[in-house]
Amino acid sequence: MKKSELTPQEKICIIGTMLLGKEYLPVAYALSHPNAKTKSETSLTVMRSRWWASPLSLSFRQEMQDKIARIAVVKGNDLTTKEGIISQLVTATQETSGKDSVSALQTLAKLQGFDKPDKDENETEHRKYILPYRTKCRFCKLMELYVKILNEQS
């Protein structure tokens with residue numbers, strides 16, 4: 001006799017296997033079918049494969065994948081996240097024209113950081129090093145050079 005639908009235990013075990021991976025299929029099958037009539041590992045492997053590949057299981061897995069995809073789409077359009085706002089602005093720029101489109105593009109540029117000027121890569125950074133004046137150093141070569149440069153600038 002063929003089953004018309006999966007039991008709640010089977011559905012939960014299928015979802016768990018989808019999330020955790022097929023290596024959990026033996027555990028999922030054992031949980032969803034506690035009264036398995038055989039203890040032979042070969043027979044259990046065949047029964048697991050048939051259960052996993054059954055039309056009921058396949059349709060339920062496809063249904064769950066569709067729900068996950070819909071949730072991802074809704075989350076992508078969620079206006080509480082930066083990605084959702086950007087997605088809505090991209091859609092708005094494609095569906096509008098004129099001032100509204102320009103306004104949406106400006107907001108999108110601000111959110112993505114395109115409105116900030118790029119740093120000039122050719123510009124070199126200059127640093128000045130100032131040596132402190134020490135009275136004990138008056139007679140070293142470096143200090144003599146420093147005093148000479150100070151006198152020339154004055």
Side-chain angles (χ1 to χ4, degrees), residues 1-134 136-137 140 142-143 146:
M1 185 169 123
K2 288 195 170 197
K3 292 184 352 180
S4 61
E5 67 178 57
L6 296 170
T7 65
Q9 292 86 354
E10 287 179 307
K11 290 178 180 181
I12 290 171
C13 290
I14 288 172
I15 291 170
T17 305
M18 288 172 66
L19 292 174
L20 298 174
K22 279 189 80 173
E23 62 268 10
Y24 287 91
L25 185 59
V27 176
Y29 184 80
L31 289 172
S32 63
H33 297 83
N35 299 329
K37 296 179 182 175
T38 182
K39 299 291 181 192
S40 167
E41 190 59 37
T42 307
S43 296
L44 282 173
T45 302
V46 170
M47 292 165 69
R48 281 184 215 127
S49 297
R50 285 183 181 166
W51 173 67
W52 187 253
S54 71
L56 287 174
S57 176
L58 286 173
S59 66
F60 180 72
R61 284 188 285 156
Q62 185 61 46
E63 180 184 330
M64 290 298 106
Q65 287 174 342
D66 292 345
K67 282 185 180 182
I68 290 169
R70 279 193 304 261
I71 289 170
V73 167
V74 169
K75 187 174 183 178
N77 293 334
D78 185 13
L79 295 179
T80 59
T81 63
K82 185 177 179 181
E83 292 82 16
I85 293 171
I86 289 173
S87 168
Q88 288 293 324
L89 284 171
V90 168
T91 304
T93 57
Q94 293 169 348
E95 294 174 354
T96 59
S97 61
K99 289 182 182 179
D100 294 334
S101 180
V102 170
S103 175
L105 282 172
Q106 287 174 338
T107 307
L108 183 61
K110 284 180 185 175
L111 274 176
Q112 292 182 331
F114 293 136
D115 60 336
K116 297 176 184 169
D118 292 335
K119 287 189 175 179
D120 205 7
E121 293 178 9
N122 296 335
E123 186 178 310
T124 58
E125 185 177 322
H126 297 285
R127 293 186 181 185
K128 290 185 178 181
Y129 295 98
I130 300 174
L131 298 172
Y133 179 75
R134 304 239 186 237
K136 297 178 184 177
C137 255
C140 74
L142 187 58
M143 187 48 100
Y146 177 71

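This chain uses plain numbering: 1 for the first residue, then up along the sequence.
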Exercise. Between Q106 and S103, is there a donor-acceptor pair closer than 3.5 Å when you use the side chain of the first and the backbone of the second?
Worked result: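 No.
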If I compare all heavy atoms of [X] with all of [Y], which pair ends up nearest, and what's the gap?
X   : Y   : value
T38 : S40 : OG1-N, 3.1 Å
L58 : A53 : CD1-O, 3.4 Å
C13 : L31 : SG-CB, 3.7 Å
W52 : L25 : CE3-CD1, 3.6 Å

Exercise. How would you list, by chain and number, every residue that makes a ring-ring contact (aromatic ring centres under 6.0 Å, His included) with Y29, sequence neighbours excluded?
Worked result: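 Expected list: H33, W51.
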Distance, nearest 0.5 Å, that separates [atom1] of [X] from [atom2] of [Y]:
X   : Y   : atom1 : atom2 : answer
T42 : M47 : OG1   : CE    : 12.5 Å
K11 : L56 : NZ    : CG    : 9.5 Å
S32 : I12 : OG    : CD1   : 10.5 Å
S54 : I14 : OG    : CD1   : 6.5 Å
S57 : M18 : OG    : CE    : 9.0 Å

Problem set entry | Residues M64, K67; criterion side-chain contact (heavy atoms from CB on, under 4.5 Å); working and verdict | CA-CA 5 Å; M64 290 298 106; K67 282 185 180 182; 3.8 Å; yes
Problem set entry | Residues E41, R48: salt bridge by 4.0 Å N-O rule |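 Judged by the 4.0 Å cut-off on N to carboxylate O distance, E41 and R48 do form a salt bridge.
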For this session: May I ask you to check whether over 12 heavy atoms, not counting those of E5, lie within 6.0 Å of atom CD?
Result: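 Incorrect, the count does not exceed 12.
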Exercise. Near F60 CZ, under 6.0 Å, is it more than 12 heavy atoms from other residues, nucleotides or ligands?
Worked result: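 Yes, enclosed.
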